[in-house]
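Below, each value reflects all heavy atoms present in this structure, side chains not excepted, and no hydrogens, waters or symmetry copies. Proteins come first, then strands; the chains are lettered A, B, ... in the order of their sequence lines, and each starts at number 1.
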Number of protein chains: 2
Amino acid sequence: MNSLNPARQAPVTTADKIFETMQHEIVEGEILAGSKISEPELAKKYQVSRSTLREALNRLEKCHLIERKANVGSRVVECTVKGLLEIYIVREALEGMACRLAATQMADSEIRELQSILASHGQDKKLQDGVAYYQEEGDLDFHYRVIQGSNNQQLINILCGELYHLVRMYRCQFGMNSPRATRAYDEHKAILHAIADRDGELAEMLMRRHIAASRKNIERKLEQENL
Amino acid sequence: MNSLNPARQAPVTTADKIFETMQHEIVEGEILAGSKISEPELAKKYQVSRSTLREALNRLEKCHLIERKANVGSRVVECTVKGLLEIYIVREALEGMACRLAATQMADSEIRELQSILASHGQDKKLQDGVAYYQEEGDLDFHYRVIQGSNNQQLINILCGELYHLVRMYRCQFGMNSPRATRAYDEHKAILHAIADRDGELAEMLMRRHIAASRKNIERKLEQENL
DNA sequence: AACTTAATAATTGTCGACAATCTTGAATCT
DNA sequence: AGATTCAAGATTGTCGACAATTATTAAGTT
């Protein structure tokens with residue numbers, strides 16, 4: 001599952017390893033959202049010095065998983081509904097643009113590759129008639145490849161480096177194995193079709209609606225819960 | 001001029017001060033783009049320990065002004081044409097969305113305030129019939145307020161916290177006192193009009209075209225230079 | 001002379017300790 | 001009793017030194 005993790009250069013330094021460990025634990029909720037981070041405590045837990053722990057904290061801050069205040073300390077970000085919707089707004093804007101660029105930038109070979117991946121996802125989906133796999137892996141994989149296809153390093157950094165794990169965190173902690181799987185699959189097909197047609201304008205619009213639909217689905221769901 | 005600097009909480013720790021100093025020097029080009037950063041050398045230059053210098057470097061990395069490689073070191077980012085155009089693409093997507101949100105989120109009072117600011121910019125512009133002030137301060141100020149008006153913290157963080165100084169760096173180093181001042185001013189007025197009409201869709205489109213026009217202007221200019 | 005290889009120098013990563021700041025709790029005052 | 005002040009405790013910020021890695025230089029070989 002980490003194969004589709006972006007900007008992934010094998011963790012070489014020990015701060016890298018602590019960073020990845022903590023990243024995983026925060027995303028999965030083992031370190032609770034909103035909780036305070038005690039440097040001495042965690043340094044002891046991971047058996048490293050406070051310096052290298054702080055180095056790891058700096059990287060966690062870079063991908064928006066923790067927040068720091070001077071002379072006070074760090075906290076894991078809270079998972080609020082407002083925050084979740086805000087991220088979807090950002091994704092709508094950035095991935096929409098990435099999709100527009102992908103339509104002109106992706107190589108024919110990359111498009112064919114993505115088509116076959118999508119086809120295999122469709123088979124898997126029907127085989128398991130399952131929702132989980134597609135939603136977890138397939139969706140992230142599709143979006144990841146389109147973003148890469150934009151060939152815009154700045155876009156790629158923001159989406160795959162800084163927002164990616166925050167999105168995963170929300171998915172984990174809000175338990176999103178949404179029932180939008182089949183519809184999302186169809187939408188992916190339509191998006192890819194627009195890309196294959198080299199129609200950037202349409203591709204952007206479809207991607208934006210795809211993400212907006214996801215957002216509205218969540219809004220609806222959460223409204224139901226809070227009656 | 002730093003009054004419009006976002007997310008600005010008076011630098012309390014010494015690492016903060018070093019960060020701001022270096023940020024300024026990098027943006028202005030006193031520390032050359034693309035140059036290698038020697039931790040011992042800079043620690044001596046600023047009279048601080050390597051630890052606090054590294055803390056400052058981490059923040060510079062957060063706003064994309066330097067890049068680090070494990071066991072190798074840090075370099076100031078290069079100012080390439082490709083990089084500049086990439087940022088404008090990101091801005092087009094994000095500020096477009098911010099503008100759409102601002103149309104529904106800004107308070108009437110905020111809109112009126114921005115209108116009067118814009119009006120005074122118009123006077124200043126005519127008074128000096130100058131390009132510099134407007135382009136430097138006014139443009140950044142207008143965009144900054146619209147972004148804040150989106151009321152989307154994630155958007156605000158990315159645009160005002162992570163990309164803001166990189167944009168300034170490009171402006172400085174490519175010497176952009178563009179002749180688009182009067183046109184940009186009119187475009188700002190049109191955008192604000194759409195916001196005041198609470199027409200998010202139009203506001204987004206106008207903002208996107210405004211930024212895209214700026215980008216194309218730069219493309220044209222740079223093509224001319226490289227004949 | 002050009003290319004490898006080995007030793008040296010320099011730089012980055014990590015560590016533990018001290019200083020400055022914030023938080024907590026008890027004692028005091030209104 | 002409630003609020004305020006002050007002191008003790010704990011946490012974060014900063015420092016200098018050591019270890020690990022990389023860059024540089026010199027020697028040696030073809």
- More 5' along DNA chain C: V72(B) or T52(A), using each one's nearest nucleotide? V72(B)

For [N], does OP1 or OP2 lie under 4.0 Å from any side-chain N or O of [X]?
X	N	result
T13(A)	dT12(C)	no
R54(A)	dG13(D)	yes
K17(A)	dT14(C)	no
R68(B)	dG13(C)	yes

Just to be sure I understand the rule, does [X] reach a base, reach only the sugar-phosphate, or reach nothing, if contact means heavy atoms closer than 4.0 Å?
X	answer
I18(B)	nothing
S51(B)	base
L53(A)	nothing

- Task: Check whether the side chains of H143(B) and H210(B) place a donor and an acceptor atom closer than 3.5 Å, and report yes or no.
- Result: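 Side-chain D/A pair, H143(B) to H210(B): present.
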
- Task: Please say whether more than 12 non-hydrogen atoms of neighbouring residues, nucleotides or ligands are located less than 6.0 Å from NZ in K36(A).
- Result: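 Check passes, neighbour count above 12.
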
- Message: Quick one, Y88(B) and S214(B) - any side-chain contact, counting heavy atoms below 4.5 Å?
- Response: yes

- Note on the structure: With the side chain defined as heavy atoms from C-beta on, S49(A) is closest, among dC15(D), dG13(C), dT14(C), to dT14(C)

